[in-house]
Every structure is written in C-alpha cells, then in structure tokens.
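A quick write-up on the structure given underneath.
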Amino acid sequence: MNITYQSTRGGERGLTASQAILKGLAVDGGLFMPDQIPQLDVSMGQLAKMSYQEIAYEVMKLFLTDFTEEELKGCIARAYDEKFDCPEIAVLSKADGDYYLELYHGSTIAFKDMALSILPHLMTTAAKKNGVSNEIVILAATSGDTGKAAMAGFADVPGTRIIVFYPKGGVSRIQELQMVTQKGDNTAVVAIHGNFDDAQTGVKKIFSDREFEKRLAAKGFQLSSANSINVGRLVPQIAYYVYAYAKLLENGEIADGELVNVTVPTGNFGNILAAYLAKRMGTPIGRLICASNENKVLYDFFSTGVYDRERPFILTSSPSMDILISSNLERLIYLSCGCDAEKTAGLMEELSRDGRYAVTEDMRAFMADFWGGYADEKENASVIQAVFRSCGYLMDTHTGVAAAVSRQYKRETGDERKMLIASTASPFKFSGSVLEAIQGRLDGGDEFAVVDELSRISGVPVPAAVEEIRTALVRHTRECSPEQMEEEVADILGC
C-alpha cells in the first residue's frame with residue numbers, strides 16, 4: 001500500500017513520505033497528513049516478542065512507504081542505539097497502580113529524543129532519495145526539550161544546519177544550559193524576548209515567506225522543520241505506544257485485546273496525537289486523557305468545542321506545556337471534519353484572525369475518544385510528593401500533571417481500566433520544582449546543588465546529560481525579539 005501526504009489546508013497533495021519530511025510544513029501553512037491511516041499487519045502477540053527497534057520498523061514501514069526496508073532499518077539502527085541508557089529504549093515502570101512509560105532515557109533525557117534521534121537520518125535519507133543538493137536548514141521553536149534534542153540529533157550531520165529559538169526565561173535552567181552549551185559547528189541557538197507561542201509563530205512566518213525562501217535558495221539553503229509539525233517527528237512517536245501495549249502484554253499485565261487508557265501531558269498536541277494514531281492503527285487503547293497545566297486551552301477546547309487562545313499566558317513549573325497555540329491539534333481537526341481541507345483552512349484562518357474558533361457537534365462527537373483535564377501547581381506538586389512517598393517513584397513536573405489528571409479522570413468517570421501514563425522528562429531536568437514538591441520547600445543553593453540533593457534523597461543517580469553541563473562552556477549567546485527572527489536566521493547563515 002502506497003501512502004501519500006497532503007496538506008491539512010489543501011494546498012499540496014500527493015507527496016511521498018520523504019518529500020513531506022523534507023518540506024516539514026506545507027506551502028499553505030498546513031500540516032502534512034497521510035491519505036489513509038494504515039492498519040498494523042502483525043498481531044499484538046507477535047509484537048510482544050519484538051524489540052523496540054523491530055516494533056518501530058513494523059509501525060514506520062506502514063507510513064513511510066517510499067523508504068526501502070534497508071533504508072528504514074538503517075535509520076532505526078542508527079537512531080536507537082547506545083545513545084539510550086537502557087537496551088529497552090523506552091522503560092515501563094509500575095508505580096502506585098499505574099504504568100509509566102518512561103520516554104526520557106535518550107541523550108537529552110526528554111521524550112523528544114524518541115523522535116529526534118531518528119529524524120536526522122530520515123531527513124538525510126530523504127534528501128538523497130529526492131536529489132537535494134542544497135544544505136538543509138532546520139528551524140525549530142522550543143518550549144524547552146525539542147531544541148536540545150534536535151541539536152543533539154543534527155549536530156555535525158553533513159549537509160544540515162540547525163537554528164533553535166527558545167523563550168528567554170521560559171525554560172528551566174537545566175534546559176537552557178543544555179541548549180546554550182551545545183557543540184557542533186552547524187548549530188545555533190537564539191533566545192527570544194517572548195514566549196513559546198511567539199517563537200512558534202515566528203518560525204511559521206519564516207516558512208511562509210516566499211521571498212525569503214528565494215533569498216536562501218540563491219545561497220544554497222532550503223528550510224525544513226524539526227518541530228512536531230514535521231510528519232518525520234510524528235510517525236516515530238506512534239511506535240512507542242504500540243511498543244508499550246506489546247510489552248504490557250508480554251509482561252502479563254494485560255490480556256490480549258484488553259483496552260488500556262492513556263494519559264499524556266500535552267502542550268503542542270503531537271504526543272497525544274501519536275497515541276490516537278496508534279489506536280486508529282489497531283492498538284487496543286481506550287480513552288485518551290489530555291492533561292494540561294494552568295495554560296488549559298486544550299482542556300477548555302475538549303470541554304466546550306471552542307478553541308480560544310485569547311487568555312493570559314502563565315509560566316508554570318511544567319514549561320514544555322506552557323503553550324496556547326497547539327499546532328498539532330490542526331491534524332485532529334482535519335480528521336474530525338472528514339479530511340475537509342477547506343473547512344480546516346477556514347478554522348485556522350479564524351484562529352489567526354480572531355484568536356478562536358468553534359467546531360461542530362459532529363466534529364466534537366468524532367473526538368469522543370479524548371477527555372481533557374488540567375492540574376494546577378498545587379495539584380502537580382501534591383501528586384509528585386504522594387507517589388514518591390508511597391512507593392519511592394520519582395517523576396518530573398510534566399509527568400506530575402499527567403498523574404494528577406489521570407486521577408481526576410478516574411474519580412469523575414469511574415473508569416477503572418489500566419492506565420498508561422506518558423512520562424516525558426527526567427525529574428533532574430526540573431530538579432528544583434521536583435525537590436520542592438517532595439520536601440514541601442526548597443532550601444536554596446545553585447541548580448547543581450539542588451540536583452545533587454534530589455539524587456541523595458531519591459537514591460536515583462544524576463543522569464549523564466546533567467553531569468556533562470556542570471562545567472560545559474556556554475557557546476550560544478544570541479538574543480532577539482520575535483520580529484527579528486528572520487533576519488537573525490539570515491545573519492547566522494550569512495545571507
């Protein structure tokens with residue numbers, strides 16, 4: 001079965017997977033979607049006997065149909081290797097009655113490693129397949145984790161450059177240090193004076209500027225994206241939900257075909273969308289619980305059918321979720337209206353013009369698999385402390401939001417199906433907030449003193465990714481306003 005890709009807004013269609021990965025964002029501003037959602041062609045019983053790499057191939061081959069078996073298996077082998085600190089790649093831990101899918105065992109200790117370890121290999125393979133001779137310039141906006149994971153993946157990859165924009169003061173100190181100390185002659189990091197939505201909007205504007213595109217092409221550059229808007233990010237994420245179900249089955253925790261609910265801490269909607277696509281492919285997933293922090297735009301959307309970004313932006317202890325424009329929701333909108341690109345484009349135009357849009361009752365009915373909840377700072381800290389005290393399990397502030405919301409869901413619905421919670425970052429990325437949650441206070445000291453104290457109290461070793469930035473040289477000091485982002489890109493590239 002040959003899958004092709006089209007824009008959610010109708011401007012492009014019939015692209016191969018490799019072409020969609022190279023472009024990242026469609027020319028009309030839409031996101032690429034497959035023309036159909038394929039079904040798994042091996043049983044869960046068979047998948048239960050497979051490694052992570054083997055399951056990734058069984059999932060990804062169905063979406064990336066113009067990649068040969070040799071090409072795709074080569075990309076997978078180079079991505080999921082000793083960069084991860086455990087052979088399983090993703091770890092399932094049972095704590096306090098729930099199952100935590102730990103997605104942070106890669107080189108930058110966040111779930112973004114799961115897709116950004118393979119994206120550079122998919123992209124360079126796609127470039128060869130399509131005869132691309134220009135240097136590929138990756139632009140990424142980050143709320144904390146994408147930036148470091150993308151730079152780690154693309155650092156010194158021939159034929160590529162990467163430029164990352166992050167909100168100054170809007171990420172944890174560990175996240176910032178991970179980015180500004182990144183090595184690689186082809187990497188650049190820019191702090192913007194704004195929030196993540198400003199960074200994301202600025203990157204999208206650069207992609208839609210046709211004159212700038214020509215200016216770059218004249219110098220031998222072409223743009224692509226490492227954000228979750230790139231289908232090369234989305235497809236690898238589907239694999240770990242299929243893997244999690246297969247491992248629960250292998251471990252005897254569930255019966256074959258038993259429905260499992262999934263809770264995902266959600267900002268840009270890509271991670272939970274991947275879980276939904278895993279369900280659509282045939283993975284026995286029940287409800288998808290969309291967990292928000294106090295920037296609860298998605299909670300309000302699933303509660304009312306109205307998406308409204310016009311609200312105060314709140315800085316929280318879960319900064320990777322401090323987002324008011326959830327880009328990947330557009331893909332669900334597109335599916336919910338029967339893949340009507342004109343309808344989707346109209347709603348996205350309303351969002352751009354008015355800051356809000358409303359979906360129809362039929363579209364809301366289509367989204368019935370989703371349930372939205374949110375946790376405030378107090379609830380987040382409380383569940384981190386409670387789980388640690390009950391069983392010694394340590395979680396970060398994003399996973400804390402998910403754990404709190406999963407408890408809300410059970411209380412409000414009475415649904416007692418087994419719960420899989422996506423654990424998206426190491427607690428040491430947010431050590432101050434985690435230590436304060438556990439102790440009820442924070443006694444001060446620099447970031448690394450807090451890291452050491454968290455390790456002492458929990459008995460969990462400090463990850464290598466944190467150790468290596470203790471004395472690392474700061475290499476990136478650029479800053480700009482959102483309005484200056486395009487010229488910052490031009491300056492970095494010498495255009």
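Any value given below was found using the heavy atoms of this structure, including those in side chains, with hydrogens, waters and symmetry copies removed. Along the sequence shown, the residues carry numbers beginning at 1.
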Problem set entry | Residue pair E88 / Y52, side-chain donor-acceptor N/O under 3.5 Å | no
Seminar exercise, completed: Minimal heavy-atom distance between M321 and A291, with the atoms involved, is CE-O, 3.3 Å
Problem set entry | Distance-only donor-acceptor check, side chains Q6 and Y334, under 3.5 Å | yes
Problem set entry | Centroid separation Y5 to F32 less than 6.0 Å | no
Problem set entry | Electrostatic pair D81:K83 at N-O distance under 4.0 angstrom | yes
Exercise. What class does the angle between the rings of Y307 and Y357 fall in, given that below 30° is parallel, 30 to 60° is tilted and above 60° is perpendicular?
Worked result: parallel
For this session: Report the residues that fulfil side chain to side chain donor-acceptor pair (under 3.5 Å) with R311, sequence neighbours left out, ordered by chain and then residue number.
Result: D300
Exercise. For the residue pair G257 and P284, what are the closest heavy atoms and their distance?
Worked result: O-CB, 3.8 Å
Problem set entry | Minimal non-hydrogen separation, A226 against I138, with atom names | CB-CG2, 3.3 Å
Exercise. Do the side chain of Q53 and the main chain of A77 share a donor and acceptor less than 3.5 angstrom apart?
Worked result: no
Exercise. Which is it for R407 and E379 under the side-chain contact (heavy atoms from CB on, under 4.5 Å) test, yes or no, and what are the steps along the way?
Worked result: CA-CA 11 Å; R407 292 181 176 201; E379 291 169 307; over 6 Å; no
Exercise. Nearest heavy-atom pair of I118 and P236: which atoms, and what distance?
Worked result: CG2-CG, 3.6 Å
Exercise. Do the side-chain N and O atoms of K112 and S228 include a donor-acceptor pair separated by under 3.5 angstrom?
Worked result: no
Exercise. Roughly how far, to the nearest 0.5 Å, is the CG atom of N268 from the CD1 atom of I323?
Worked result: 4.5 Å
Exercise. Just by distance, do the side chain of R280 and the backbone of I37 share a donor-acceptor pair under 3.5 Å?
Worked result: no
Exercise. Say you draw a straight line from SG of C337 to CG of D362; how long is it, rounded to the nearest 0.5 Å?
Worked result: 11.0 Å
For this session: Check whether any side-chain N or O of D197 sits under 3.5 Å from a backbone N or O of I325 as a donor-acceptor pair, and report yes or no.
Result: yes
Problem set entry | T108 side chain to Q178 side chain, donor-acceptor N/O pair below 3.5 angstrom | no
For this session: Applying side-chain contact (heavy atoms from CB on, under 4.5 Å), run through L329 and L298 and close with a yes or a no.
Result: CA-CA 9 Å; L329 184 63; L298 288 167; 4.0 Å; yes
For this session: Please confirm whether the backbone N or O of S317 pairs with a side-chain atom of T397, one donor and one acceptor, at under 3.5 Å?
Result: yes
Problem set entry | Side-chain heavy atoms of M44 within contact of L40, under 4.5 Å | yes
Exercise. So do the side chains of V164 and T146 get within less than 4.5 Å of each other, counting heavy atoms only?
Worked result: no
For this session: Determine whether K418 and N261 make a side-chain contact, defined as any pair of heavy atoms from C-beta on separated by less than 4.5 Å.
Result: no
Problem set entry | H398 side chain to S320 backbone, donor-acceptor under 3.5 Å | yes
For this session: Specify the closest pair of heavy atoms between R417 and G286, including all atoms of both residues, with the distance to one decimal.
Result: NH1-CA, 3.9 Å
Exercise. Going by atom types only, do Y99 and E253 share a side-chain donor-acceptor pair under 3.5 Å?
Worked result: yes
Exercise. Do Y276 and F370 have their ring centres less than 6.0 Å from each other?
Worked result: yes
Problem set entry | Pairwise side-chain contact, D41 with Q46, heavy-atom cut-off 4.5 Å (strictly under) | no
Exercise. Would you call F111 and N271 a side-chain contact if the rule is heavy atoms closer than 4.5 Å?
Worked result: yes
Problem set entry | M123 side chain reached by P120 side chain, heavy atoms, under 4.5 Å | no
Seminar exercise, completed: Of E330, E349, E342, the one forming a salt bridge (Lys or Arg N to Asp or Glu O under 4.0 Å) with R9 is E330
Exercise. Is there a donor-acceptor pair closer than 3.5 Å between any side-chain N or O of T68 and the backbone N or O of E71?
Worked result: yes
For this session: Mind checking side chain to side chain donor-acceptor pair (under 3.5 Å) for D66 and listing every partner two or more places apart, or none if nothing turns up?
Result: T16, S18
For this session: Verify, without hydrogens or angle tests, whether T8 (side chain) and L31 (backbone) share a donor-acceptor contact under 3.5 angstrom.
Result: yes
For this session: Provide the closest heavy-atom pair for C290 versus I272 in the form atom of the first, atom of the second, distance.
Result: CA-CD1, 3.5 Å
Exercise. Does the separation of the ring centres of Y80 and Y57 fall below 6.0 angstrom?
Worked result: no
For this session: Measure the shortest side-chain to side-chain distance between S107 and D113 over non-hydrogen atoms and say whether it is less than 4.5 angstrom.
Result: yes
Exercise. Can you tell me if N230 and R233 form a side-chain donor-acceptor pair at under 3.5 Å?
Worked result: no
Problem set entry | Aromatic ring proximity, centroids under 6.0 angstrom, Y393 and F388 | no
Exercise. Just by modelled atom types, is the N195 backbone N or O under 3.5 Å from a matching donor or acceptor in the D198 side chain?
Worked result: yes
Exercise. Are the side chain of N293 and the backbone of N295 linked by a donor-acceptor contact shorter than 3.5 Å?
Worked result: yes
Exercise. Distance-only, no hydrogens or angles: does the K279 side chain make a donor-acceptor pair with backbone N or O of I285 under 3.5 Å?
Worked result: yes
For this session: Would you mind checking if K429 and D145 are paired as a salt bridge, meaning a charged N to carboxylate O distance below 4.0 Å?
Result: yes
Exercise. Are any non-hydrogen side-chain atoms of L101 and Y240 less than 4.5 angstrom apart?
Worked result: yes
For this session: Using a strict cut-off of less than 4.0 Å between a Lys/Arg side-chain nitrogen and an Asp/Glu carboxylate oxygen, indicate whether E250 and K247 qualify as a salt bridge.
Result: yes
